**Student:** 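Submitted below is the structure of interest, expressed as structure tokens.
Just so it is clear, the model here is predicted, and its values are computed rather than measured. Throughout, a chain's letter reflects where its sequence line sits, starting with A, and its residues are numbered from 1.
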Amino acid sequence: MKLASWNVNSLKVRLPHLLDWLAKQSPHAVGIQETKLEDATFPFEPIQTAGFRCVWSGQKTYNGVAILSRSPLKDVATGIPGFPDVQKRIIAATAGDAADALRIVCAYAPNGEAVGSEKFEYKLRWFAAFRDWIEEELKRYPRLVVLGDYNIAPADVDVYDPVALKGQVLCSPRERQAFRDLLALGLRDSFRMFTQPEKSFTWWDYRMNAFKRNLGLRIDHILLAPELVPLCRSSSIDVSPRRLERPSDHAPVVVELGPSPL
DNA sequence: ATGTCTCAGGGACTGAGA
């Protein structure tokens, strides 16, 4: 069973890319970010026709998240409890039923603009609230997957030029601490459970021919609850959609979960 | 190289956000 996370940077523009990718990869469930669509205009019909249930939470122009799944979605929740926020960055749902159901949290973390900015402080407040909520979700749902665009490169190895970007937004010590605080709940960064190619990234700036030169960052992650860790067979980044015409600036991350421990 | 892309407002281009 494949699970994926993909920041599509406008679902309106990227719907053809998403549908092609769903047909090729045939994932069981996908969390998408930056839909940039109000709820009334979410394109659920073509997604449904492709074989997926979906739930979504969006707004005009900015943010917006959704979960697609081949199995029914229930217990849908949006936002972080106790953290009022007009920005639509969180959707959670339970995919499937009975013992093998998965709880999926799909998150679009704040970008943070620049270290020391107001948006940066909002990002850190957001992560503190997110961590506290995920701690509760983990107690309630041992089969928890926390995926999305975290807008944090956890370590220097996740950055194309760690010297040039040292201390900058997406790489700064406080952001990396926020990421480690999440892992301290027992979550595992699925990508680092396996040997990976050097310079593996999920996002490349549209400028400076960054993708062609592989000047990227690994900021999209699929984190797994302890109970799911033994089931994880692989974790990888699919850069192929980044090569298409009018691509998203992000590539999807994919994990494969088996039904039982190896 | 303030370099690209998306979106809104308004009806050509600018500004915001990433």
**Student:** Can you pull out every salt bridge (charged side-chain N to carboxylate O under 4.0 Å, His left out) where at least one residue sits in residues 230-245 of chain A? Sequence neighbours excluded, please.
**Tutor:** none
**Student:** Return whichever of A:Arg246 or A:Asn7 has its heavy-atom-nearest nucleotide of DNA chain B closer to the 5' end.
**Tutor:** A:Arg246
**Student:** What interatomic distance, in whole Å, is found between C1' of B:dA1 and the corresponding atom of B:dC13?
**Tutor:** 22 Å
**Student:** Would you list the pairs meeting salt bridge (charged side-chain N to carboxylate O under 4.0 Å, His left out) in which at least one residue belongs to residues 100-110 of chain A, sequence neighbours left out?
**Tutor:** A:Arg103-A:Glu137
**Student:** So which pairs with a foot in residues 68-93 of chain A pass salt bridge (charged side-chain N to carboxylate O under 4.0 Å, His left out), sequence neighbours left out?
**Tutor:** none
**Student:** Using the C1' atoms only, state how far B:dT2 lies from B:dT14, rounded to an integer number of Å.
**Tutor:** 14 Å
**Student:** Which atom pair, heavy atoms only, marks the closest approach of A:Ala251 to A:Ile237?
**Tutor:** CB-CG2, 4.0 Å
**Student:** Which of residues 114-122 of chain A have a heavy atom under 4.0 Å from DNA chain B?
**Tutor:** A:Lys119
**Student:** Taking atom C1' in both B:dG10 and B:dG15, what distance in whole Å separates the two?
**Tutor:** 14 Å
**Student:** With sequence neighbours excluded, what pairs up with A:Ser248 under the side chain to side chain donor-acceptor pair (under 3.5 Å) test?
**Tutor:** none
**Student:** Return each pair, listed once, that meets salt bridge (charged side-chain N to carboxylate O under 4.0 Å, His left out) where at least one residue sits in residues 152-164 of chain A; pairs must be two or more places apart or across chains.
**Tutor:** A:Asp156-A:Arg176, A:Asp158-A:Arg192, A:Asp158-A:Arg218
**Student:** Other members of the hydrophobic cluster containing A:Trp126, with the 4.5 Å side-chain heavy-atom rule, please.
**Tutor:** A:Ile80, A:Phe83, A:Ile90, A:Val105, A:Tyr122, A:Phe127, A:Phe130, A:Trp133, A:Ile134, A:Leu138, A:Leu144, A:Val146, A:Tyr150, A:Ile152, A:Phe179, A:Leu182, A:Leu183, A:Leu185, A:Leu187, A:Leu223
**Student:** Would you say the side chains of A:Gln177 and A:Arg174 form a donor-acceptor pair under 3.5 Å?
**Tutor:** no
**Student:** State which residues pass salt bridge (Lys or Arg N to Asp or Glu O under 4.0 Å) with A:Arg14; sequence neighbours excluded, sorted by chain then number.
**Tutor:** none
**Student:** Can you name the ring pair (Phe, Tyr, Trp, His ring centres under 6.0 Å) partners of A:Tyr62, sequence neighbours left out?
**Tutor:** none
**Student:** How would you give the extent of chain A contacts on DNA chain B, as first and last nucleotide 5' to 3' within a 4.0 Å heavy-atom cut-off?
**Tutor:** B:dG3 to B:dA18
**Student:** Could you tell me which residues satisfy side chain to side chain donor-acceptor pair (under 3.5 Å) with A:Lys212, sequence neighbours excluded, listed by chain and number?
**Tutor:** none
**Student:** Under 4.0 Å, heavy atoms only, any strand: does A:Tyr108 hit a base, just the sugar-phosphate, or nothing?
**Tutor:** sugar-phosphate
**Student:** Mapping A:Trp203 and A:Leu11 to their closest nucleotides on DNA chain B, which lands nearer the 5' end?
**Tutor:** A:Leu11
**Student:** Using a cut-off of strictly less than 4.0 Å between a heavy atom of the residue and any atom of DNA chain B, enumerate the qualifying residues of residues 58-66 of chain A by number.
**Tutor:** A:Lys60, A:Thr61, A:Tyr62
**Student:** B:dA12 and B:dG17: how far apart are their P atoms, nearest whole angstrom?
**Tutor:** 25 Å
